[in-house]
Amino acid sequence: MLSVIWDNALAILLPGMPRAIEIKDPRNAMFVLAEKWPVTYGRAFQRALAFCARAIEGKCSPSRARLAFLAAAREANVPVVR
C-alpha cells in the first residue's frame, strides 16, 4: 500500500467532538469514515470509502479520493472548516 498525502489537508467538525479533526490523506480519511463517521450509509459515504481505498492502492488519484470525501461530508452534514 502506498502512503499518499493530499495537497490540501481538510479539517472537519464531527458531532460530539470538542475540536476539528484534520484529515491529511486517504488512509486517515478511511479511518474517520469507518470509525467516527456519524452516518454509515449513503451513496457518497460508500464512494468515499471506495475511492480512498483505491487511492491507497495507487489505483486512483488522491485528489479524486479527497473530492469523494468532501461529497460524503456534504451528504452527512459534516462541516468542513478548512
Side-chain angles (χ1 to χ4, degrees):
M1 289 190 195
L2 301 173
S3 175
V4 181
I5 297 174
W6 290 339
D7 291 335
N8 296 310
L10 302 171
I12 59 170
L13 289 171
L14 291 175
M17 299 295 277
R19 63 179 191 262
I21 297 174
E22 188 173 60
I23 311 294
K24 295 180 181 181
D25 58 49
R27 187 177 309 280
N28 186 228
M30 276 191 69
F31 172 78
V32 170
L33 287 165
E35 299 296 327
K36 299 181 182 295
W37 209 245
V39 180
T40 57
Y41 57 87
R43 184 171 186 244
F45 172 78
Q46 294 298 326
R47 288 176 56 88
L49 283 173
F51 277 106
C52 286
R54 291 182 69 209
I56 291 167
E57 295 169 354
K59 295 180 180 176
C60 85
S61 72
S63 61
R64 181 63 188 107
R66 187 177 184 279
L67 289 173
F69 184 83
L70 287 169
R74 278 191 304 277
E75 179 181 75
N77 293 316
V78 170
V80 177
V81 295
R82 179 174 46 112

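Since the structure is predicted, the reported quantities are computational estimates derived from the model, not experimental observations.
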For R54, the side-chain contact (heavy atoms from CB on, under 4.5 Å) test, sequence neighbours excluded, returns F51, K59, C60
Hydrophobic cluster identity match, V80 and W6, side-chain contacts under 4.5 Å = yes
Hphob cluster co-occupancy, L10 + F31, side-chain heavy atoms under 4.5 angstrom
yes
CG (L14) and CD1 (I12) are apart, to the nearest 0.5 Å, by 4.0 Å
Taken to the nearest 0.5 Å, the spacing of L13 CG from N77 CG works out to 13.0 Å
ask   = Among the clusters formed by ILVMFWY side chains lying less than 4.5 Å apart, do V4 and L67 turn up in the same one?
value = no
_Donor-acceptor check, side chain of E22 to backbone of A9, threshold 3.5 angstrom: yes or no?_
no
Correct closest heavy-atom pair for C52 and M30 would be CB-CG, 3.2 Å
Closest heavy-atom pair, V32 versus I21, reported as atoms and distance to 0.1 Å, is CG2-CG2, 4.4 Å
### Task
State plainly whether one hydrophobic cluster holds both V78 and F69, where clusters connect Ile, Leu, Val, Met, Phe, Trp and Tyr through side-chain heavy atoms under 4.5 angstrom apart.
yes
Residues R66 and N8: closest non-hydrogen pair is NE-O, 2.8 Å
Applying side-chain contact (heavy atoms from CB on, under 4.5 Å) to A11 and not counting sequence neighbours gives A20, V81, R82
Got a list of side-chain donor-acceptor pairs under 3.5 Å for residues 33-44, not counting sequence neighbours?
none

Correct closest heavy-atom pair for A68 and A48 would be O-CB, 3.5 Å
Treat each ILVMFWY residue as a node, draw an edge where side-chain heavy atoms are under 4.5 Å apart, and state whether F45 and I23 are in one component. yes
